[in-house]
Amino acid sequence: MTHPMDLIPAPARVEGPYRCGFVLDRGTTLSAAAGTETTARWLRDTLGAAFGLPLRETTDENATNTVRLRLDGGLAPEAYRLHVLVHGVVEIIGGGPAGVFWGAQTLRQLLGPEAFRAAPVSKRPFAGLAAQTIEDAPRFGWRGLMLDVARHFMPKDDVLRYLDLLAAHKLNVFHFHLTDDQGWRIEIKRHPRLTEVGSWRARSKWGHRASPLWDDTPHGGFYTQDDIREIVAYAAARHITVVPEIDLPGHSQAAISAYPELGNTDVVDTAALTVWDTWGVNPNVLAPTETVLRFYEGVFEEVLDLFPAATSPFVHVGGDECPKDQWKASPAAQARIKELGLADEDELQSWFIRHFDRWLAARGRRLIGWDEILEGGLAEGAAVSSWRGYGGGIAAAEAGHDVVMCPEQQVYLDHRQAPGEDEPMPIGYVRTLEDVYRFEPVPPGLSPEAAAHILGTQANVWTEVMENRSRVDYQVFPRLAAFAEVAWSALPAPEARDYPAFARRMHTHYARLDALGVDYRPPTGPHPRQQRPGVLGRPLEGTPPIV
Ligand code: ACM
């Protein structure tokens, strides 16, 4: 049995539902106070389409049969109250425009799975609601999903669809991993070869890097600057912040293959490099030269123009997995270390990051990077994505830096979600829906001052073994629903969380996902077409220990 009250993420407080209620029909109007226009448009587009209702605008403050949107500055910006009143009024009151929007997401869930369809499926042009009051607010201000569009390109329409899926789960940060060894996905006008050359590869490893198989279909694609503007605007209309990531100084082979002078030309024939076609940590890193700094400043100038400060206060510079072998072997890099008065190659990595930290700060932005950027000291104001467990995040928070908790042991959604051999291309840890539900973003023992630096949490989706949108859906869902509840709802300690109750609410949520066309992993295991028989993942000789 599905029940519209099976809200995910769970709201803070519900009064009701009562037996009587209210029916949205062709006469239902929308009354949108100043500051709530984005939600009014979204409701008309979404519920209007799903139920075939015009939801005409009204300015009559005493109208009944109406959905009334307004702001109340007494509430926190993302908090909302939703009243379904028996005299035919739905009122959504947000602390700010975002709060109204999250309240509208709750309203959609209350209207049942049909509210998630793109056109009406029944002849009755109405939708019923039980009288009730919901009061709600998020636990964390950063509730994110990172999507790697570098390993496998995701066409623009699919990115927009993911923004809708984030919004439906009250997630508000989209971390857009745009560059890596295997592809450069954002048009940069002053360096056209980044996409002309760097966005295409001849073939791709099929499965884990240890797999002997190749997909010989050329792969690639990129977002034009107008595509990026559209994505940013679409996200903003859903109160989602976009964090663009340009990964440096490692994960840069695609850029080096386009512009060989970016690499360590005294130790490797960078002119012979192509966009990488397999997975893993790549030795071809950027050279520590002024030319490289100027080149990337040019890249970031265009990035800042495309991702305005109002909706992208943070810019991610990567900083992860930068092997130091080429810098150790390169006379030019060694001379640079001496010239800059640095101790070693680790300090060279910090020098890169500090340069862009200052550069971004001077332009009113904040740098965020993977937790390796802590090594060698971190500039003030920089924030850290803690991925190698909690440790980096704890150290950063204790040192006064803001932190986004995204430990790979818990919330890397590329990792397999069941131990069975049917899982498609299984890699990483086994992390089930229940494991994700019991993830706690704030580690115990953190001082209250340090805990205040945990901005929130995000789930990360690396796409080496996800060649298309269906594979991404399979890895992301249903686990993103559990993650959304962890990020939004004030849940008890992990061991005290009521997973059976969550799993029961998921029955309703699966019906919503079905209506949306999400190709999630069914609770009983993958459909045959979702399997990838014979393609090696990371061998299944047991779950690695949690570190
Ligand atoms: C990462 O997983 N390399 C951040």
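Whatever order the structure lists ligands and atoms in, that order sets their numbers, starting from 1.
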Face-on cation placement of Arg238 at Tyr234 ring, 6.0 Å and 45° thresholds:
yes
Regarding ligand 1, does His251 bring an N or O atom to under 3.5 Å of one of the ligand's N or O atoms?
no
Distance-only N or O hit between ligand 1 and Trp370, under 3.5 Å:
no
For Trp214, does the six-membered ring have the charged nitrogen or CZ of Arg203 within the cation-pi criterion, i.e. under 6.0 angstrom from the centroid and within 45° of the normal?
yes
Lys/Arg cation over aromatic Trp102: Arg143, 6.0 Å, 45° cone
yes
With heavy atoms of Glu321 as the reference, note each atom of ligand 1 found under 4.0 Å away.
3 (N)
Protein contact of atom 2 (O) of ligand 1 - nearest heavy atom, named by residue and atom, plus distance
Tyr412 OH, 2.6 Å
Going by the order shown, which atoms of ligand 1 are within less than 4.0 Å of some heavy atom of Trp462?
1 (C), 2 (O), 4 (C)
Side chains of Asp422 and Gln530: do they bring a donor and an acceptor to under 3.5 Å?
no
Do any N/O atoms on Asp320 end up under 3.5 angstrom from N/O atoms on ligand 1?
yes
Honestly, is Lys205 close enough over Trp279, meaning NZ or CZ under 6.0 Å from the six-membered ring centre and within 45° of the axis?
no
